[in-house]
2 protein chains.
Amino acid sequence: MKNINIKELARELKLSVSTVSKALHDSHEISEETKQRVLKAAARLNYVPNPYASSLRGRKSKNIGVVIPEVADSFFSLAINGIESVAHEKGYHVLICLTHESFENEKTILKEFQGGRVDGVLMSVSGETSQSGHINDLISKGVPLILFDRVCEDVETAKITTDDFASGYRATEHLIQQGCDEIAFLDISKSLSISRKRLEGYLQAIGDHQLKADKKNIILCTNDTNKNYPLIKKMLQQENRPNGVVSSVEKLTMPVYKACAALKLKIPGDVKVVCFSNLETAPILNPSLTTITQPAFEMGKIAATLLFKVLGKSNFDLAKESLVISSALEVRDSTG
Amino acid sequence: MKNINIKELARELKLSVSTVSKALHDSHEISEETKQRVLKAAARLNYVPNPYASSLRGRKSKNIGVVIPEVADSFFSLAINGIESVAHEKGYHVLICLTHESFENEKTILKEFQGGRVDGVLMSVSGETSQSGHINDLISKGVPLILFDRVCEDVETAKITTDDFASGYRATEHLIQQGCDEIAFLDISKSLSISRKRLEGYLQAIGDHQLKADKKNIILCTNDTNKNYPLIKKMLQQENRPNGVVSSVEKLTMPVYKACAALKLKIPGDVKVVCFSNLETAPILNPSLTTITQPAFEMGKIAATLLFKVLGKSNFDLAKESLVISSALEVRDSTG
DNA sequence: TTTATTTACGAAACCGTTTTCGTAACCCGC
DNA sequence: GCGGGTTACGAAAACGGTTTCGTAAATAAA
């Protein structure tokens, strides 16, 4: 019924607890013969060590924390896969914590991590996050933390990002080349690094092509999915409505398509659309969606690999390990 | 730098460790005045308790394990949201473990859980799982485990499922009513409960409507996404090809659409398609996809709520708590 | 006043590991 | 045959909390 512990296992073998522990860890102090006896007995009695006792004694948890805004999002779920693939290989567990885009939640989670629950953290900040005290607090306790995708620039640690400015520029320029002259930018946060940079890329492209930047074309959407649809619809109903839309995050794809359908605006005839998105279904949407696709899986993998590099060594300067990867513009029918 | 522990906190307060611990837990043994002093000091010194020490002593982890085949799947990511919403409310953490559809992985994970890493488990079995010894082993150690969606029938525990037989029947009948007389069924596993029941529903509908069941129309797909596309394509190239397709899982949506496009088969003109799927983008696919949609979030929520009910009481017969929820047929253009 | 009870706290055991340190027994060379 | 080194193991101290139990002082009951 109850799980057997090392003490009972030792008694069964008529060995001391320490000998059993060493044998299980393949210590050189233990004879080959004894090791085999111990291993056999452990298997026979189905001994499974208590991870909390090990963690307490060893001061490490064999867990890494992944802090993200949400899980039902292609970018994040693919990134999780990348992270998990290397964590699994290293024998680590992945503790996924969702902030639901709330700064308060994010602070609570990082605070808890100060207690030693995880050995390291991979994080993409919430849409509300503009300060970084909570992050620095955790880092100063000796818990390595790496930011990916949504980063805080003023935290001195590794940041794995994509070329957001360039992507915003490319998306916008693509629309211009396709004939758009009134282009909207769907924003998601005032503070988020990715939002700001993508917006800057958008603005630069607008300027470089002698178009006028217009505040009414920059729409700040919300975390509440239900509110985004009316916002976008309203934008598409204004006089002199945009004939091109850059959506800076995946979750705005649905409301854009829905609003266009409701207003009987044809994509790409009336409005051309490009989204930052990792949706697998982008090629089979109606019309197929032109996307800026981020290497989500790879980013997760790279971030996790880097984290494990730090966990090995102690004096490792993460701040020097930042990396910017390229996103890809995948042209499809929505900008045709 | 390092985190402060309760001993240091006690020394700072000139109190004993036990008094501090009790004060932090709002014990009646401690005076209100002392409690306030302790709370103040804990906040000032930023004391965060070590969760592993608590877990070790208290023999409970405040973690629940969620074992699923993959995370980049709408059904599972929505279910995670449902689970997380109640876990968060109860002050629990969610440890997500991916089997990647591998029985070996699943066994390893559950074995590890025997060590006490989690207080309870919510699980959807892998596509390879046909035995249940590993599940019963865990349950017999006193770790409550609830199955959801993909269940093992011979495990005596609560199972939260949808009406797979009825859904398979309804999907197929819908195709028949739309004029299909040669209907393919895309299967994903020989052993999986959901597959078997959905298939049975399909066969029953076929029989009830005087169509002939044909083995060549039942395609067993694989876990390897790349192999499914040629399989499906081949099926659609055979003479007397199906004019209707029931896909029993979400991940087969893409290859079906791609194969039809490659073969220049019009959906729904040449082939009508209905998928078991929770894809948010189903309404904006080209053509929009008729789906059997499962209440994924609710299932997660129900399963988690039930788990916490067990974690409270000890003598609780989970086997009596199974629940079957209805999926919804959402008719769209792919079967028009 | 004496006894019983309550209040508020501290000492120490305990949870299940890992690791340090100590120590017999054996082997080796000289 | 004697120091020095290795081999193979055990005792006990950690790790950082929680909980049981004991107890002095204060209060209540008799």
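All figures in this text were calculated on a predicted structure; none of them were measured in a lab. Sequence lines set the chain letters: A, B, ... in the order given, protein chains first and strands last, and positions in each chain run from 1.
Contacts of B:S55 with the nucleic acid, taken as non-hydrogen atoms under 4.0 Å apart, are absent.
Judged by atom type and distance alone, B:R59 does not reach the base of C:dC15 through any side-chain donor-acceptor pair under 3.5 Å. Checked by distance alone, B:S16 brings no side-chain donor or acceptor within 3.5 Å of a matching partner on the base of C:dA11. A:R57 contributes no side-chain N or O that forms a donor-acceptor pair with the base of C:dT17 under 3.5 Å. For B:S31 against C:dA8, no side-chain N or O and base N or O form a donor-acceptor pair under 3.5 Å.
Rounding to the nearest 0.5 Å gives a distance of 6.0 Å between CZ of B:F148 and CD1 of B:I68. Note that the CG atom of A:L192 and the OG atom of A:S130 stand 10.0 Å from one another [nearest 0.5 Å].
Looking at which nucleotide of DNA chain C each of B:L15 and A:S21 is closest to, the 5′-most match is held by B:L15.
Residue A:H28 contributes atom NE2, which lies 12 Å from atom P of C:dT19 at whole-angstrom precision. Atom CG of B:D26 and atom C1' of C:dC9 are 16 Å apart (whole Å). To the nearest angstrom, P of D:dT23 lies 15 Å from CD of B:E29. Rounded to an integer number of Å, the gap from NZ of A:K14 to P of D:dC9 is 16 Å. Nucleotide C:dG16 holds its P atom 15 Å from the NZ atom of B:K60, rounded to whole Å. Rounded to whole Å, atom P of D:dA8 lies 9 Å from atom NZ of A:K35. In this structure, the NZ atom of A:K22 is 9 Å from the P atom of D:dG10, given to the nearest Å. One interatomic measurement links the two molecules: CG of B:L13 to C1' of C:dA8, which rounds to 15 Å at whole-angstrom precision.
Looking at A:D119, its side chain does come within 3.5 Å of a backbone N or O of A:S61 through a donor-acceptor pair. No donor-acceptor pair under 3.5 Å is formed between the side chain of A:T99 and the backbone N or O of A:N105.
The side chain of A:Y52 contributes no N or O atom lying less than 4.0 Å from OP1 or OP2 of C:dT18. In terms of phosphate contacts, A:T34 brings a side-chain nitrogen or oxygen within less than 4.0 Å of OP1 or OP2 of D:dC9. In this model, the phosphate group of D:dG16 is not approached by any side-chain N or O of B:N50 to a distance below 4.0 Å at OP1 or OP2.
Checking C:dT17, D:dA12, D:dG17 against the side-chain heavy atoms of A:S18 singles out D:dA12 as nearest.
Using the six-membered ring where Trp is involved, B:F308 and B:Y92 have ring planes that are perpendicular, over 60° apart on the 30 and 60° scheme.
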